[in-house]
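What follows is a set of notes on a single structure, which appears directly below.
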Amino acid sequence: MTLQGKTVFISGGSRGIGLAIAIRAARDGANVALIAKTAEPHPRLEGTIHTAAQAIEDAGGNALPVVGDIREEEQVLAAVAQAVERFGGIDVCVNNASAINLAGTESLEMKRYDLMQDINVRGTFVVTKACVPHLKAAENPHILTLSPPISLEARWLGPHIGYTLAKYGMTLCALGFAAEFREAGIASNALWPRTLVATAAVKNLLGGDEAMARARTPDIYADAAHAVVNRPSRECTGNALLCEDVLVEEGITDLSGYSAAGADAELAVDLFVDSVDPPSLAGSP
């Protein structure tokens, strides 16, 4: 299981989960191309695309940071072209970029609704579309989209339908790509955590320090993503996977080391899922 010498193209990735996935790939000696908007420091958000590139290089990888907006097709195409020119191809496409707003229908401004649709759904589509011709030439090509399993339960549909539509749209893309490109040998899967993950979005939008203390670290997402994109592409496709379940399948049954606040912290379940741990870990550490 290694990404040594392979090229990973990631939307977003200047911080948080995307950066964790990039660094995990870099530890294998992978080439990592990032397209992200954050070129200058943000007062509320840590890191830029340039600090991310340095972290990737420090971890043992080769970084290509491209400042760009995935809402703009030409910028995405240019970023993919740069990655192919620099590294010779693309082996893995990670759809990480996402916007969140949990407002209800009456209070959600349409510009915020449009932003989520443009980044989450359209962005996933355009980034994948740009990568597919190069994935077709890869030995073990994967598309990985960071989005949840789809549930039609009212508790997920009612409170924040704008955000739910945007995240479910990403998952529908992932499942649709799996069907469309199965014969080409390109895997496409969605991946989502069972618990909150300690990121700026969780701190700023989902409960501050209290939420962070009940979260797992981005490493759980990175390790699960690494496992998925190293699986044979013709055998692992068309799934909406959960990070913890993937790790259990890989033989990692003690997940306590991923807790952001220590092994004894009480973890909070994430949106769109029912329990902190897979059923197979019930009663285990």
Side-chain angles (χ1 to χ4, degrees), residues 1-14 16-36 52-53 55-56 59-66 70 76-77 79-98 123-147 170-171 173-175 177-178 180-182 184-192 218-219 221-241 243 246 250:
M1 290 180 55
T2 181
L3 294 173
Q4 183 176 10
K6 295 189 175 181
T7 299
V8 182
F9 187 94
I10 304 178
S11 65
S14 54
I17 292 166
L19 178 57
I21 292 173
I23 290 174
R24 180 64 187 88
R27 282 164 46 196
D28 282 0
N31 309 311
V32 182
L34 305 174
I35 179 171
I56 290 166
N62 300 302
L64 174 65
V66 181
I70 65 167
V76 173
L77 291 171
V80 169
Q82 288 182 55
V84 172
E85 181 179 5
R86 171 83 176 273
F87 300 125
I90 293 175
D91 299 278
V92 179
C93 168
V94 179
N95 292 304
N96 162 74
S98 184
T124 292
F125 190 92
V126 72
V127 169
T128 303
K129 175 181 170 66
C131 287
V132 161
H134 309 289
L135 292 171
K136 286 181 176 179
E139 182 181 354
N140 189 44
H142 278 264
I143 301 162
L144 188 67
T145 301
L146 308 192
S147 58
M170 292 176 72
T171 302
C173 282
L175 300 179
F177 296 146
E180 183 176 2
F181 302 118
R182 186 180 298 273
I186 302 174
S188 177
N189 296 285
L191 183 66
W192 191 251
D219 288 339
Y221 226 138
D223 288 349
H226 182 269
V228 172
V229 300
N230 273 290
R231 292 177 176 178
S233 62
R234 291 186 180 274
E235 299 175 15
C236 179
T237 188
N239 305 294
L241 302 164
C243 295
V246 169
E250 296 297 317

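In this structure, the side chain to side chain donor-acceptor pair (under 3.5 Å) partners of S147, at least two apart in sequence or on a different chain, are T171. Partners of D91 under the side chain to side chain donor-acceptor pair (under 3.5 Å) rule, at least two apart in sequence or in another chain, do not exist in this structure. Remark: R27 pairs with no residue by the salt bridge (Lys or Arg N to Asp or Glu O under 4.0 Å) rule, at least two apart or across chains. With sequence neighbours excluded, the residues satisfying side chain to side chain contact (heavy atoms under 4.5 Å, CB included) with S98 are N120, K167, M170. Every residue two or more places apart in sequence or in another chain that forms a side chain to side chain donor-acceptor pair (under 3.5 Å) with D223 is listed here: Y258. Partners of Q82 by side chain to side chain donor-acceptor pair (under 3.5 Å), not counting sequence neighbours: none found.
The distance from atom OH of Y221 to atom CG of L146, rounded to the nearest 0.5 Å, is 4.5 Å. Atom-to-atom distance recorded for C173:SG and E180:CD is 10.5 Å, nearest 0.5 angstrom. Atom-to-atom distance recorded for N95:CG and I10:CD1 is 10.5 Å, nearest 0.5 angstrom. Atom CG of L241 is separated from atom CZ of R231 by 7.0 Å, given to the nearest 0.5 angstrom. Rounded to the nearest 0.5 angstrom, L144 CG and H226 NE2 are separated by 12.0 Å. Taking CG of L191 as the reference point, atom CD1 of I21 lies at 7.0 Å (rounded to 0.5 Å).
Heavy atoms only, all atoms of each residue included: N189 and C236 are closest at ND2-O, 2.9 Å. Between S233 and G185 the shortest heavy-atom distance is OG-O, 2.7 Å. Between F9 and A83 the shortest heavy-atom distance is CD1-CB, 4.1 Å. Residues V246 and A224 come closest through the heavy atom pair CG1-O, 3.8 Å. Here the closest heavy-atom approach between residue T128 and residue I143 is recorded as CG2-CD1, 3.6 Å. Closest of all the heavy-atom pairs between L34 and A22 is CD2-CB, 4.3 Å.
Test H142, M1, R24 against V229 for side-chain contact (heavy atoms from CB on, under 4.5 Å) and you get one pass: H142. With S11 as reference, V127 is the one residue of T124, V127, V94 to meet the side-chain contact (heavy atoms from CB on, under 4.5 Å) rule.
No donor-acceptor distance shorter than 3.5 angstrom exists from the side chain of T7 to the backbone of N31, with no hydrogens or angles considered. The backbone N or O of G29 lies less than 3.5 Å from no partner atom in the side chain of N62, so there is not a single donor-acceptor pair.
By the 4.5 Å heavy-atom criterion applied to side chains, L175 and S188 are not counted as neighbours.
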